[in-house]
Amino acid sequence: QVQLVESGGGLVQAGGSLRLSCAASGRTFSSYVMGWFRQAPGKEREFVARVTWSGLSTYYADYVKGRFTVTRDNAKNAVYLQMKNLKAEDTANYYCAAAMNSSQYATDWHYWGQGTQVTVAS
């Protein structure tokens, strides 16, 4: 079992930055691929980024590539999403997720946090 709690969301101006954090509980945290998804009102939940258990391999959706960076610290049971050059279209509720295997499909992820809201003002 893994429990996830996100933090760090808020209101930011377009072009600004935010860093999201996800605190995980569970002794097997380092075994999981960790990912970030987001969901805007009226839209489906979409993949943002993921990092493998070692932290050495990352993958990003095209719409955030070059602007977002995902990292993890297994010693702290934490995963982070550094977001730069934010755009109005990045406005969404951001979710941390854990899975045994990497996937861009939300249905393949086993554990989810409650989400943290990111609002980008244009």
Side-chain angles (χ1 to χ4, degrees):
Q1 287 281 346
V2 177
Q3 293 183 327
L4 305 172
V5 179
E6 304 93 336
S7 61
L11 174 65
V12 63
Q13 294 293 318
S17 299
L18 276 177
R19 187 192 193 213
L20 304 183
S21 298
C22 175
S25 63
R27 289 178 287 180
T28 59
F29 169 76
S30 61
S31 300
Y32 289 91
V33 177
M34 298 300 298
W36 289 94
F37 286 75
R38 67 187 185 186
Q39 188 167 19
K43 295 187 177 182
E44 292 187 354
R45 193 168 296 190
E46 63 180 11
F47 172 79
V48 174
R50 67 93 173 127
V51 58
T52 56
W53 68 270
S54 67
L56 297 178
S57 175
T58 57
Y59 186 79
Y60 300 91
D62 286 343
Y63 34 82
V64 304
K65 196 174 296 182
R67 300 188 297 122
F68 290 13
T69 304
V70 59
T71 57
R72 69 188 293 165
D73 185 338
N74 288 338
K76 296 182 178 180
N77 276 14
V79 62
Y80 308 99
L81 186 68
Q82 178 68 52
M83 306 183 295
K84 298 180 179 180
N85 191 20
L86 283 160
K87 306 175 181 180
E89 52 263 43
D90 294 319
T91 295
N93 205 13
Y94 282 71
Y95 296 89
C96 177
M100 294 303 297
N101 298 295
S102 177
S103 171
Q104 296 182 54
Y105 301 100
T107 52
D108 291 335
W109 294 73
H110 309 303
Y111 301 104
W112 293 88
Q114 293 300 308
T116 185
Q117 178 68 35
V118 172
T119 302
V120 183
S122 56

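Values below: all heavy atoms of this structure, side chains included; hydrogens, waters and symmetry mates excluded. What you see is a predicted model, and the numbers here were worked out from it, not measured in a lab.
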Quiz item: Which residue pairs pass the ring-ring contact (aromatic ring centres under 6.0 Å, His included) test when at least one of the two sits in residues 98-122, sequence neighbours left out?
Solution: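 Checked against ring-ring contact (aromatic ring centres under 6.0 Å, His included) - neighbours excluded - the pairs reaching residues 98-122 are Y32-Y111, F37-W109, F37-W112.
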Quiz prompt | ring-ring contact (aromatic ring centres under 6.0 Å, His included) contacts in which one or both residues fall within residues 75-98, not counting sequence neighbours | solution = none
Practice problem: Output, in order, the C-alpha distance, side-chain angles, deciding distance and verdict of side chain to side chain contact (heavy atoms under 4.5 Å, CB included) for L81 and V48. | Solution: CA-CA 10 Å; L81 186 68; V48 174; 4.2 Å; yes
Quiz item: For the atom pair CG (N101) and OG1 (T52), what is the distance rounded to the nearest 0.5 Å?
Solution: 11.5 Å
Test of understanding: with side-chain contact (heavy atoms from CB on, under 4.5 Å), list the residues that count as partners of [X], not counting sequence neighbours.
X    : value
E89  : K87
S7   : S21
A121 : L11, Q13
Q104 : F47, Y59

Practice problem: Go through the steps to decide whether M83 and V118 satisfy the test side chain to side chain contact (heavy atoms under 4.5 Å, CB included), and finish with yes or no. | Solution: CA-CA 10 Å; M83 306 183 295; V118 172; 3.9 Å; yes
Exercise. Report the C-alpha separation of T91 and Q117 in whole Å, then their side-chain angles, then the decisive distance to 0.1 Å, and conclude whether the side chain to side chain contact (heavy atoms under 4.5 Å, CB included) test is met.
Key: CA-CA 8 Å; T91 295; Q117 178 68 35; 4.0 Å; yes
Self-check item: D108 side chain to S103 side chain, donor-acceptor N/O pair below 3.5 angstrom
Solution: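 Distance-only check passes for D108 and S103.
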Practice problem: Quick one: which residue pairs count as a salt bridge (Lys or Arg N to Asp or Glu O under 4.0 Å) with a foot in residues 69-81, not counting sequence neighbours? | Solution: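 Applying salt bridge (Lys or Arg N to Asp or Glu O under 4.0 Å) to every pair that reaches into residues 69-81, excluding sequence neighbours, yields nothing.
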Exercise. Not counting sequence neighbours, list each pair that qualifies as a salt bridge (Lys or Arg N to Asp or Glu O under 4.0 Å) and has a residue in residues 28-40.
Key: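 The answer is R38-E46, R38-D90.
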So, for [X] and [Y], which heavy atoms are closest and what is the spacing to 0.1 Å?
X    : Y   : result
S102 : R50 : OG-NE, 2.7 Å
V2   : A24 : CG1-CB, 4.2 Å
S122 : A88 : CB-CB, 4.1 Å

Between [Y] and [X], is there a side-chain heavy-atom distance shorter than 4.5 Å?
X    : Y   : result
V51  : V79 : yes
T116 : L20 : yes
M34  : W53 : no

Quiz item: Which residue pairs pass the disulfide (SG to SG under 2.5 Å) test when at least one of the two sits in residues 65-122, sequence neighbours left out?
Solution: C22-C96
Quiz prompt | Y63-Y60 co-clustered via ILVMFWY side chain contacts under 4.5 Å | solution =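 Same cluster: Y63 reaches Y60 through Ile, Leu, Val, Met, Phe, Trp or Tyr contacts under 4.5 Å.
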Quiz item: Are V70 and M100 connected, step by step, through hydrophobic side chains (Ile, Leu, Val, Met, Phe, Trp, Tyr) whose heavy atoms are closer than 4.5 Å?
Solution: yes
Quiz prompt | All salt bridge (Lys or Arg N to Asp or Glu O under 4.0 Å) counterparts of K43, not counting sequence neighbours | solution = none
Quiz item: Donor-acceptor pair, E6 side chain versus G115 backbone, under 3.5 Å?
Solution: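 A pair under 3.5 Å: yes.
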Quiz item: Residues sharing L56's hydrophobic cluster, by side-chain heavy-atom contacts under 4.5 Å among ILVMFWY, directly or via others?
Solution: none
Exercise. Could you list the residues that satisfy side-chain hydrogen bond (donor to acceptor under 3.5 Å, both in side chains) with D62, not counting sequence neighbours?
Key: K65
